[in-house]
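Structure first, then comments.
Each ligand, and each atom within it, is numbered from 1 in the order the structure gives. For the numbers below, each heavy atom of this structure counts, side chains included, while hydrogens, waters and symmetry mates do not.
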Amino acid sequence: MSHLSFTVLPGDGIGPEVMEVALDVLKHVASKRKLTLNYTTHDVGGVGIDNHGKALPDSTLAACRSADAILFGSVGGPKWENLPPKEQPERAALLPLRKAFELYANIRPGLLYAELAQASPLKNERIPNGIDIVCIRELTGGIYFGLPKETRENGGDTMAIDTMVYKKSEIERIAEVAALTALSRGKRVCSVDKANVLETSVLWRKTVKDYFSKRHPQLELTHMYVDNAAMQLARDPNQFDVLFTENMFGDILSDEMAVICGSLGMLCSASLGALQNKLGKPFGLYEPAGGTAPDIAGKNIANPCAQVLSVAMMLRYSFGLEEEAVAIEQAVRSAVTGGMRTADIAFGGHSVGTQEMGVAILNKLKFD
Ligand code: IPM
Ligand code: MG
């Protein structure tokens, strides 16, 4: 019998209600597949600030350290918006978690079922089969973390500095994640940089080129400047298979990808670490791509699919349970394509609540 040890951080806004549904689905999978679940729930984000005085309380961090994975909801909301930027839930909880666990590989699938094409702002004739791409974003380097990072007085003026730094070793380890992802899919990687302007991008491009030709010559590797990539994504997203890029470009491109894929309520993500968990798998943090949606929080109308799909990613990457992951993904797909829709994907038609959506997913779960 496998034991799954993980930490649950529901966070703010819709986080707790979609997390409840995701855990129900996971409990069902566990009972069918004889898995034992060993998890504790902790405060993070705004609720961390309210109850412990900071967005990432020490007790929460300690719980994460002793687990094999983190299942994350979402953090932030109007109540904490006026705090100094460095103390706001998004920045003060997520960035330190990424750094503490060296979660350098962010995997964001851009998946839009053909049946939901209407949810995309793209003309539907451009995406007759929906969208199926994935963005691999470097998550612990680049301009987010480079030093110096400060604001200083300079000759009667005020100057702010952010520093973009990349090491070859950091680029190689994320290149490996992009390659492995491509190997499990369409075998094509498009590496995105700004090598016509940035030194870090020149190193990025050279390192990726050398790494792929040495380690993964069977994969198709192309390179694209980030401004062009932003345009190509809006023009024809399916020209990409794996879109692979550094931290800030990935932040921007993955939001663009999310919007062309329709509802944020359907998109999940994994952030995998350099650290291995007790099972010898990557320690990871799994979270929906969307935010806390404070306007609809507590109303039982939020779409729980992204949180449920984040559970599938956790089972796949941190616990090596591919069949169970696929079973959850298929259950979500068949519930949604079968017509069960929360308001965000119902296009004005009949919609169901968060809980009901969860029950629909549970009813579609099948194991051979
Ligand atoms: C994301 C978010 C974060 C980021 C913020 C909340 C710090 O936008 O996960 O994409 O910029 O990485
Ligand atoms: Mg972002």
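- Ring geometry for Tyr39 against Phe6 counts as parallel: the plane angle stays under 30°, on a 0 to 90° scale with 60° as the upper cut.
- Given atom 7 (C) of ligand 1, the protein heavy atom at minimum distance is Leu95 CD2, 4.0 Å.
- The ring-ring contact (aromatic ring centres under 6.0 Å, His included) pairs that include a residue from residues 257-310 are Phe101-Phe283, where partners are two or more places apart or lie in different chains.
- Heavy-atom separations between Arg98 and ligand 1 include at least one value shorter than 4.0 Å.
- Sorted pairs that involve residues 14-35 and meet ring-ring contact (aromatic ring centres under 6.0 Å, His included), not counting sequence neighbours, are lacking altogether.
- You'll find the ring centres of Phe244 and Trp204 inside the 6.0 Å limit.
- Taking any N or O of Arg137, backbone or side chain, at least one lies under 3.5 Å from an N or O belonging to ligand 1.
- Residue, atom and distance of the protein heavy atom nearest to atom 11 (O) of ligand 1 are Tyr144 OH, 2.5 Å.
- Looking at atom 8 (O) of ligand 1, its nearest protein heavy atom turns out to be Asp251 OD1, 3.2 Å.
- Between the side chain of Gln307 and the backbone N or O of Phe72, at least one donor-acceptor pair lies under 3.5 Å.
- Protein heavy atoms all stay at least 4.0 Å away from atom 5 (C) of ligand 1.
- One finds no salt bridge joining Glu115 and Arg333 here, because no Lys/Arg side-chain nitrogen approaches an Asp/Glu carboxylate oxygen to under 4.0 Å.
- Only protein N, O or S atoms were scored, and 1 of them lie under 2.8 Å from the Mg ion (ligand 2).
- Cluster note: Ile49 groups with Trp80, Leu83 through ILVMFWY side-chain heavy atoms spaced under 4.5 Å, whether in direct contact or through intervening members.
- Compare Arg108, Gln88, Arg91 by their heavy atoms: the one nearest to atom 1 (C) of ligand 1 is in Arg108.
- The residues Lys299 and Asp295 are annotated as not salt-bridged, no charged nitrogen and carboxylate oxygen being separated by less than 4.0 angstrom.
- Of all the heavy atoms in Glu287 and Gly73, the pair that sits closest is CB-O, 4.1 Å.
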